Trainee: 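Here it is: the structure, laid out below.
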Number of protein chains: 2
Amino acid sequence: MATIDDVAKMAGVSKGTVSSVFSKKRPISQQVTERVLRVAQELGYFPNHLARSLAIKRTMSIGLKIPLPPDGTMTAFDTQMINGVIKECTKQGYRVVLDTLPEQEDPTMYSQDPVDGVILLNPRKNDSRIKRYRKMGIHLVLVGRPDPHDESISYVDNNNTEAAHEVGDYLLRNGHESILFLNAAADMTVAQDRRQGLSEAYRLHGLSLRDECVMYYAHTNGTDYGYMSILNTYGKLSYTAIITDTDRVALGVLRAARELDIKVPEQLSVIALSNDAILAQDMNPRLTSVELSAEKLGDEAAKLLIEKINDSSVHRQVIIPAQLVVRESCSVFC
Amino acid sequence: MATIDDVAKMAGVSKGTVSSVFSKKRPISQQVTERVLRVAQELGYFPNHLARSLAIKRTMSIGLKIPLPPDGTMTAFDTQMINGVIKECTKQGYRVVLDTLPEQEDPTMYSQDPVDGVILLNPRKNDSRIKRYRKMGIHLVLVGRPDPHDESISYVDNNNTEAAHEVGDYLLRNGHESILFLNAAADMTVAQDRRQGLSEAYRLHGLSLRDECVMYYAHTNGTDYGYMSILNTYGKLSYTAIITDTDRVALGVLRAARELDIKVPEQLSVIALSNDAILAQDMNPRLTSVELSAEKLGDEAAKLLIEKINDSSVHRQVIIPAQLVVRESCSVFC
DNA sequence: CTGAAAGCGCTTACAG
DNA sequence: CTGAAAGCGCTTACAG
């Protein structure tokens, strides 16, 4: 590849001039501009992004860290999140470096990532990466709240506690007294928040949430989680409604219900804390669900991060409200 | 952030030595190594990936270009592909820069991407990017075959023509005489290949594929494409079987069938050229489909690209066979 | 085993 | 409007 030096020599100017022609950071005469551009064209010259980054100390790219389970499956939530991040970054001229390594293999363990900042998904309790990034002076935004709470960290999150509260209340008001909750993985902050919200709803109705009615996601794909949970508990535990972690989990629930000849919603109501509106709407019955707006979360996370890159003193939290969307999978008694 | 110079000074050694301690490219005495490491630790020093890349002329990252439609939705195929690419790259120490810009806004228009090579999805007819990358000397691997054919380009692809042939044959052998084909977007090479394969199958059975029985994806989401196509054609066109571009499209078909009270598979058989095995298997009825092994495609593409980065003279094509998986959505007459 | 110096390909005050 | 030179933070022959 031709370099800025080649162009400078061949055009008979200094490389500072060539630089200015491309960056337009200082005015260059029409004549010289044209000559430089012509030579660049001939030589097939394109500015080297890397060298530029080193000089200006900005890479114009951000890292997106999504630790994935060993089987490597992304949920619809993940993909929509990614989309939101990429769209906003692109709009502002940033690239996205996608990382799906588990926490222990994070490349920043050994060297400084070639990015201007990082978006971190699924922060865990006392996430060690948060401390490390701060120490390295890497700008950071979380998707999901930090645990323990820390208002000096920028993050975006759904109002998980409230949303779970609302769903619980909706079900209890409609005559359900016992709900099976197929929650997210136990170590995720979102799982704790949702459990707490549901618990509050029970309390408000003078009831209490029993431990055996809350399960936590582990080691399978979403639909199997839903499918197996029903097979293992139906008839043993008594419940007339189910809240699932995602729409895929609900898909598994519906399959189990078909096989056990349980009518949905007549005998069993299902609500998904969903992340794939299209899927929910095409299921049979159409799924009552809570829209998490994953793309919006990604979009806001990117905005927050870029804001922080431009002014490191800012830190801000944004909460995206989850929306209950009533479709056909819940029985309504009153 | 501390630099290699800071460490060198404070440890009383040259920066070449510090460099060697971290890269282990030349032996450094135990004593010095320990001193340097201790100082680095104290100063919170981490090697700057960017500066290293500039010096060694390698970034250890690759670009993944997935042009997305304006609404920005990725298919399950895309996500699995991405997963395959990321897994293989990670294994070999590469990062992945994800780009979803439309062809016209490709950043390499203006500068050299900070990557060692590029994987390009959905190449179109006479894709202009292919020429540009070659001119810029950027290593390139396609997912999907180049059109026009070019054996000097590395690519991975399914055996789309054969697979469509097989599906067509399967349906025709089982007594279907007219099939509605909800094909991919018209400008994709895969759409042409599949149509040709299906056409051959018809010919072999002494029949011919009529134009009005082939539709092309455009401007909606997958399920709507399936749903609307049935609503618009059922009763007008005569067909007893449908081949859909993806499982999401099949989902829309099933919804339309429910609404029109068409029994699947008794009155209508459905086969999806699928990309989401889990979804296909959880649909009702469970969906007979063709598994595309998107993750495998991504994995192979990454391997091919890294191979090429290490030896630019290689170019190779790999074809991943698509697999027909019979489940419950097709009627079998004989 | 270690150091001094040139080089990777840019940008940016400074000077004119 | 343009040039000369230092600097960004590394690596790597070359020399000892």
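Side-chain atoms are counted along with the backbone in the values below, which use heavy atoms only and exclude waters and symmetry mates. Note that the structure is a prediction, hence the values are computed from the model and not measured. Labels below follow one simple rule: chain letters A, B, ... track the order of the sequence lines, proteins then strands, and each chain is numbered from 1.
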Trainee: Kindly state which residues belonging to residues 31-39 of chain A come within less than 4.0 angstrom of DNA chain C, counting heavy atoms of the residue only, listed by number.
Mentor: none
Trainee: List in chain and number order the residues that pass salt bridge (charged side-chain N to carboxylate O under 4.0 Å, His left out) with B:Asp147, two or more places apart in sequence or in another chain; answer none if no residue qualifies.
Mentor: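 If we apply the salt bridge (charged side-chain N to carboxylate O under 4.0 Å, His left out) test to B:Asp147, skipping adjacent residues, the hits are B:Lys125.
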Trainee: Just jot down the side-chain contact (heavy atoms from CB on, under 4.5 Å) partners of B:Ser128, sequence neighbours excluded, or say none.
Mentor: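 Partners of B:Ser128 by the side-chain contact (heavy atoms from CB on, under 4.5 Å) criterion, ordered by chain and then number, come out as B:Glu103.
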Trainee: Test: salt bridge (charged side-chain N to carboxylate O under 4.0 Å, His left out). Region: residues 295-311 of chain B. Which pairs qualify, not counting sequence neighbours?
Mentor: B:Lys87-B:Glu295, B:Lys296-B:Glu300, B:Asp299-B:Lys303, B:Glu307-B:Arg316
Trainee: Any ring-ring contact (aromatic ring centres under 6.0 Å, His included) pairs touching residues 128-151 of chain B, not counting sequence neighbours?
Mentor: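 Applying ring-ring contact (aromatic ring centres under 6.0 Å, His included) to every pair that reaches into residues 128-151 of chain B, excluding sequence neighbours, yields nothing.
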Trainee: Checking B:Ala191 now: which residues fulfil side-chain contact (heavy atoms from CB on, under 4.5 Å) with it, not counting sequence neighbours?
Mentor: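 Testing B:Ala191 for side-chain contact (heavy atoms from CB on, under 4.5 Å), a comparison that skips the adjacent residues, returns B:Asn183, B:Ala184, B:Tyr216.
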Trainee: Please name all residues satisfying side-chain hydrogen bond (donor to acceptor under 3.5 Å, both in side chains) with B:Thr75, sequence neighbours left out, ordered by chain then number.
Mentor: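 With neighbours one apart ignored, the set is B:Asp78.
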Trainee: Under 4.0 Å between a side-chain N/O of B:Ser14 and OP1 or OP2 of C:dA4, yes or no?
Mentor: no
Trainee: Is there a donor-acceptor contact under 3.5 Å from the side chain of A:Thr100 to the main chain of A:Pro67?
Mentor: no
Trainee: So does A:Lys65 pair up with A:Asp106, basic N to acidic O under 4.0 Å?
Mentor: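 Salt bridge: yes.
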Trainee: Please, which pairs that meet ring-ring contact (aromatic ring centres under 6.0 Å, His included) have at least one residue in residues 54-96 of chain B, sequence neighbours excluded?
Mentor: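 Qualifying pairs, neighbours excluded: none.
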Trainee: Distances for protein N/O vs nucleotides 7-11 of chain D N/O pairs under 3.5 angstrom?
Mentor:
| from | atom 1 | to | atom 2 | distance (Å) |
| --- | --- | --- | --- | --- |
| D:dG9 | OP1 | A:Lys57 | NZ | 2.9 |
| D:dG9 | N2 | B:Ala51 | O | 3.4 |
| D:dC10 | OP1 | B:Tyr45 | OH | 3.4 |
| D:dC10 | OP1 | B:Asn48 | N | 3.1 |
| D:dC10 | OP2 | B:Ile4 | N | 2.7 |
| D:dC10 | O5' | B:Tyr45 | OH | 3.4 |
| D:dC10 | O5' | B:Asn48 | N | 3.3 |
| D:dC10 | N4 | B:Lys15 | NZ | 2.7 |
| D:dT11 | OP1 | B:Arg52 | NE | 2.8 |
| D:dT11 | OP2 | B:Ser19 | OG | 2.2 |

Trainee: Mind pulling the stems DNA chain C is in, i.e. runs of at least three Watson-Crick or G-U pairs, everything under 3.5 Å?
Mentor: C:1-3 with D:14-16, C:5-12 with D:5-12, C:14-16 with D:1-3
Trainee: Report yes or no: does B:Ser19 contribute a side-chain atom to a donor-acceptor pair with the main-chain N or O of B:Lys15 at less than 3.5 Å?
Mentor: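 Not confirmed, B:Ser19 side chain does not pair with B:Lys15 backbone.
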Trainee: Please list all pairs meeting ring-ring contact (aromatic ring centres under 6.0 Å, His included) that have one or both residues in residues 4-50 of chain B, counting only residues at least two apart or in different chains.
Mentor: B:Phe22-B:Tyr45
Trainee: Between A:Arg145, A:Arg134, A:Lys131, which is the residue that forms a salt bridge (charged side-chain N to carboxylate O under 4.0 Å, His left out) with A:Asp150?
Mentor: A:Arg134
Trainee: Using atom names, set out every protein N or O paired with an N or O of nucleotides 14-16 of chain D below 3.5 Å, distance rounded to 0.1 Å.
Mentor:
none

